[in-house]
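Beneath this line is the structure, given in structure tokens, with notes to follow.
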Protein chains: 2
Amino acid sequence: MLINELSKRTGVTIHTLRYYENLGLIKGNTDETVKSNTYKQYDEILVETLSWIIASKKAGFSLAEINTLLQEWFDEKLTLSAKVEIVDKKINEVDLKIKQLKEVKKFLLEAKKDVEKGLC
Amino acid sequence: MLINELSKRTGVTIHTLRYYENLGLIKGNTDETVKSNTYKQYDEILVETLSWIIASKKAGFSLAEINTLLQEWFDEKLTLSAKVEIVDKKINEVDLKIKQLKEVKKFLLEAKKDVEKGLC
DNA sequence: TTGATGTATAGACTATACTCTATACTTGTA
DNA sequence: TACAAGTATAGAGTATAGTCTATACATCAA
């Protein structure tokens, strides 16, 4: 699909998609047989990749971190066990973030209790 | 306490503390009776406030969001029920973020399963 | 009392993640 | 075939969150 469709299907603006492509997070391919233009084709799978990128961003991961994981994921030189290790590390990071959010929630619940008791 | 002690007890650099003070997240008070200097005194409670700010930041909230909540929290014009409502809203946001993180984790667990099956 | 260290203010600089503009070429529709 | 809309590239501009530097004055220990 062209960039316009990818944008519409992911909710990510064309500008941002090009920015991501410059960073290496996604990649479109120009059809070499077409000589009249240099329009890039984006693969179906990128819709899924982008939805993961968006979720990861919302979860607080930087584009650099997301990029590193994607590069390692598609790096054919890495062994299966190396990949499993990388993903496991990321899962631990996610678990840590969840723990931190639960801390924040605890703070908020205490604050709520205080205000209900009229302490604030 | 002076800014140096606040920095050491919170792990936040003096520069960043001053940046936060400019934004209004924290506030030190110069002792009017002391004429020789304009050193600011920071209250004990700020150690706790800052640990909450740090946790909230790690959890993905912006300084602007954190600031808004703090301002509302110490706004004496707000009724108790208004404050409870504000905190409840924030708790919902935290729950949403936890949900998003669990989504990311699901993605990662699926990816791990795929790689273990040799699909990648 | 002098020199290292601490504090305050203002402003410059940096990194991240966009967001927009300019320019140029292409495509599709009336 | 004219022209609006789409695509590509490069580069400028913006917002957020620091981070650092310069300048000036204060404090404290030797």
Side-chain angles (χ1 to χ4, degrees), chain A residues 1-43 46 49-71 93 97 100, chain B residues 1-43 46 49-71 93 97 100:
Chain A
M1 73 190 84
L2 292 178
I3 197 158
N4 192 27
E5 188 182 343
L6 184 61
S7 172
K8 273 172 187 145
R9 287 180 57 190
T10 58
V12 178
T13 67
I14 289 175
H15 278 303
T16 302
L17 286 175
R18 292 198 169 120
Y19 173 65
Y20 286 176
E21 185 155 11
N22 279 335
L23 291 181
L25 273 83
I26 59 170
K27 183 155 171 33
N29 297 296
T30 46
D31 187 342
E32 296 296 328
T33 64
V34 175
K35 293 289 175 200
S36 64
N37 68 38
T38 54
Y39 292 7
K40 282 176 184 160
Q41 289 293 331
Y42 295 90
D43 200 284
L46 288 178
T49 305
L50 279 162
S51 102
W52 178 76
I53 291 172
I54 294 160
S56 297
K57 260 172 41 61
K58 280 188 186 155
F61 290 103
S62 69
L63 292 180
E65 289 173 301
I66 293 166
N67 202 9
T68 301
L69 185 62
L70 281 172
Q71 299 315 316
E93 287 177 40
K97 275 184 191 291
Q100 282 163 344
Chain B
M1 75 191 82
L2 294 178
I3 197 158
N4 192 26
E5 189 182 343
L6 185 61
S7 171
K8 274 172 187 146
R9 287 180 57 191
T10 57
V12 179
T13 68
I14 290 175
H15 279 302
T16 301
L17 287 174
R18 292 200 168 118
Y19 173 65
Y20 286 176
E21 185 155 10
N22 279 333
L23 291 182
L25 273 83
I26 60 170
K27 183 156 171 31
N29 297 296
T30 46
D31 187 342
E32 296 295 329
T33 65
V34 176
K35 293 289 174 198
S36 64
N37 68 40
T38 55
Y39 292 6
K40 283 178 183 159
Q41 289 293 332
Y42 294 90
D43 200 283
L46 288 178
T49 305
L50 278 162
S51 101
W52 178 76
I53 290 172
I54 295 159
S56 297
K57 261 174 38 62
K58 278 188 188 155
F61 289 104
S62 68
L63 292 180
E65 288 173 301
I66 292 165
N67 203 9
T68 301
L69 185 62
L70 281 171
Q71 299 314 315
E93 286 177 41
K97 274 183 192 291
Q100 281 164 345

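Here is the naming used below: chain letters follow the sequence lines, and residue numbers restart at 1 for every chain.
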How long is the line joining [atom1] of [X] and [atom2] of [N], in whole Å?
X       : N      : atom1 : atom2 : answer
A:Leu2  : D:dA5  : CG    : C1'   : 13 Å
A:Leu17 : D:dA8  : CG    : P     : 11 Å
B:Ile14 : C:dA10 : CD1   : C1'   : 17 Å
A:Asn67 : C:dT16 : CG    : P     : 12 Å
A:Ile53 : C:dC18 : CD1   : C1'   : 14 Å
B:Lys35 : D:dT27 : NZ    : C1'   : 19 Å
A:Glu21 : C:dC18 : CD    : P     : 15 Å
A:Met1  : D:dG6  : CE    : P     : 17 Å

Just N and O in the side chain of [X]: are any of them under 4.0 Å from OP1 or OP2 of [N]?
X       : N      : value
B:Asn37 : C:dA8  : no
B:Lys57 : D:dG18 : yes
A:Thr16 : C:dA17 : no
A:Tyr19 : C:dC20 : no
A:Tyr20 : C:dA17 : no

Can you tell me if [X] uses its side chain to pair, donor with acceptor, with the backbone of [Y] under 3.5 Å?
X       : Y       : value
B:Gln71 : B:Gly24 : yes
A:Ser7  : A:Ile3  : no
A:Gln41 : A:Thr30 : no

Please tabulate, for side-chain N and O atoms in residues 32-39 of chain B, each donor-acceptor pair with protein atoms closer than 3.5 Å (sequence neighbours left out).
from    : atom 1 : to      : atom 2 : distance (Å)
B:Thr33 : OG1    : B:Asp31 : OD1    : 2.7
B:Thr33 : OG1    : B:Asp31 : OD2    : 3.4
B:Asn37 : OD1    : B:Tyr39 : N      : 3.1

Minimum side-chain heavy-atom gap [X]-[Y] below 4.5 Å:
X       : Y       : answer
B:Leu70 : B:Ile53 : yes
B:Glu21 : B:Leu17 : no
B:Leu69 : B:Trp52 : yes

Can you name the atoms? Protein N/O to nucleotides 9-12 of chain D N/O, anything below 3.5 Å, with the distance.
from  : atom 1 : to      : atom 2 : distance (Å)
D:dT9 : OP2    : A:Lys40 : NZ     : 3.2

message: By nearest heavy atom, map B:Leu23 and A:Tyr42 onto DNA chain D; which one lands nearer the 5' end?
response: A:Tyr42

task: Select base, sugar-phosphate, or nothing to describe what A:Thr13 touches, counting heavy atoms under 4.0 Å on all strands.
output: nothing

- prompt: Does B:Ile3 or A:Phe61 map to a spot on DNA chain C nearer the 5' end, using the closest nucleotide for each?
  reply: B:Ile3

- request: Look at the side chain of B:Tyr39 and decide which nucleotide, out of D:dT7, C:dG6, C:dA17, has an atom nearest to it.
  value: C:dG6

